[in-house]
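The block underneath contains the structure these notes are about, expressed in C-alpha cells.
Here, residue 1 is the first one in the sequence, and each next residue gets the next number. As the structure is a computational prediction, the values presented were derived from the model and not from experiment.
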Amino acid sequence: MMKPIKYDLRGVTVEQFATLFEPTSVENPAINVSVPVKTNYEERSFAVGVNVQFQENGVTFLVAEAYCHYEIERECWEELSESGTKDVILPKDFMDCMIRIGIGTLRGVICAKTENTPFAKFYLPIIEVDNQEGEDFVFSKQ
C-alpha cells in the first residue's frame with residue numbers, strides 16, 4: 001500500500017465564466033462536464049480544472065471553468081519521483097478526490113456569480129466520480 005500523497009492547495013482560479021443568453025424554458029438543462037489537468041513537473045505542481053456548459057436545445061447558455069492549483073510536498077515528491085528520476089503516478093482514487101474538490105469549487109463559483117440573477121436557478125448538481133473505471137494519472141517527467 002502506498003503512503004498518502006501530501007499536498008497543499010495553492011489557489012483557485014476562475015478561467016471562464018459567461019452567461020450567453022437567458023434560456024426560455026429550461027427546467028433540466030443538459031450539462032456537459034470536462035476535467036482538464038495541467039502539470040508542472042519541475043515545480044511539483046498540478047491544477048485540476050472543471051469546465052461545465054449548460055445547454056438549451058444543444059446551445060450553450062452558461063459556461064464556467066475553474067482550476068484548483070496544488071503543490072505536492074517536497075518529501076513526498078522525492079519519494080514519488082525517486083528523487084526526480086522518473087514519472088510520478090498519481091493513483092486514480094487520489095485524482096478522483098481532486099476532481100470532486102474541483103466540482104465543489106466550481107459549484108460555489110457558479111452560485112456566487114449567479115446570485116440575484118435569473119441564472120441562479122441553474123446549479124451544478126452532485127456529480128458522482130466513479131473510481132471503478134479509468135487509469136492512474138501519469139505526471140510526466142519529460
Side-chain angles (χ1 to χ4, degrees), residues 1-23 26-142:
M1 185 170 161
M2 184 177 184
K3 288 184 181 179
I5 296 172
K6 297 179 182 178
Y7 62 94
D8 293 313
L9 177 63
R10 293 295 186 195
V12 173
T13 56
V14 177
E15 302 290 323
Q16 289 187 73
F17 185 85
T19 52
L20 305 170
F21 67 90
E22 190 175 340
V26 179
E27 288 187 28
N28 293 313
I31 302 173
N32 294 323
V33 180
S34 62
V35 181
V37 177
K38 300 176 184 178
T39 63
N40 186 317
Y41 191 92
E42 291 77 28
E43 294 182 6
R44 309 179 326 273
S45 65
F46 65 102
V48 176
V50 177
N51 176 291
V52 296
Q53 297 181 13
F54 290 77
Q55 296 183 337
E56 175 186 50
N57 300 321
V59 180
T60 300
F61 65 87
L62 187 153
V63 62
E65 181 175 50
Y67 280 83
C68 294
H69 301 267
Y70 301 97
E71 183 179 309
I72 297 175
E73 291 182 2
R74 185 172 304 282
E75 184 177 305
C76 184
W77 180 260
E78 291 298 316
E79 185 177 319
L80 290 168
S81 69
E82 291 184 12
S83 299
T85 62
K86 69 171 194 157
D87 292 349
V88 169
I89 298 173
L90 300 178
K92 172 111 173 59
D93 59 344
F94 174 80
M95 289 303 290
D96 286 350
C97 180
M98 299 295 101
I99 293 167
R100 285 185 198 97
I101 291 169
I103 291 169
T105 299
L106 188 59
R107 183 177 297 112
V109 167
I110 293 169
C111 287
K113 289 196 172 278
T114 62
E115 186 175 24
N116 299 318
T117 74
F119 293 91
K121 64 185 173 188
F122 302 108
Y123 58 90
L124 188 55
I126 301 298
I127 298 172
E128 291 297 324
V129 178
D130 182 3
N131 65 4
Q132 300 299 317
E133 297 177 12
E135 300 176 359
D136 294 338
F137 182 81
V138 178
F139 204 112
S140 183
K141 182 178 183 310
Q142 295 183 3

(message) Please evaluate residues Ile110 and Val52 with respect to the criterion side chain to side chain contact (heavy atoms under 4.5 Å, CB included), reporting the C-alpha separation (whole Å), side-chain torsions for both, the decisive distance (0.1 Å), and the verdict.
(response) CA-CA 10 Å; Ile110 293 169; Val52 296; 3.8 Å; yes

In the structure I gave you, are the side-chain heavy atoms of [X] and [Y] within less than 4.5 Å of one another anywhere?
X: Met98; Y: Leu90; answer: no
X: Leu9; Y: Ile101; answer: no
X: Phe61; Y: Pro29; answer: yes
X: Glu56; Y: Phe54; answer: no
X: Thr117; Y: Thr19; answer: no
X: Val35; Y: Val129; answer: no
X: Thr105; Y: Val50; answer: no

(message) Please find the pair of heavy atoms, one from Ile127 and one from Arg107, that lie closest to each other, and give the distance.
(response)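 So the two residues come closest at N-NH2, 4.1 Å.
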
(request) Check the angle between the aromatic planes of Phe119 and Phe122 and answer parallel, tilted or perpendicular using the 30° and 60° thresholds. (result) tilted

(message) Please enumerate all residues that pass salt bridge (Lys or Arg N to Asp or Glu O under 4.0 Å) together with Glu71, with sequence neighbours excluded.
(response) Arg10, Arg44

(request) State yes or no: are the ring centers of Tyr7 and Phe94 separated by less than 6.0 Å? (result)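 When the ring centroids of Tyr7 and Phe94 are compared, they turn out to be within the sub-6.0 Å range.
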
(message) Rounded to the nearest 0.5 Å, what separates atom CG in Leu106 from atom CZ in Phe17?
(response)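 So the CG of Leu106 and the CZ of Phe17 are separated by 9.0 Å.
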
(message) What's the separation between atom NZ in Lys3 and atom CG in Leu80, rounded to the nearest 0.5 Å?
(response) 10.0 Å

(request) Under the ring-ring contact (aromatic ring centres under 6.0 Å, His included) rule, collect the residues that match up with Tyr41, sequence neighbours excluded. (result) Trp77

(request) Can you sort out the partners of Ser140 under side chain to side chain contact (heavy atoms under 4.5 Å, CB included), two or more places apart, ordered by chain and number? (result)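 Listed in chain order: Asp87, Gln142.
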
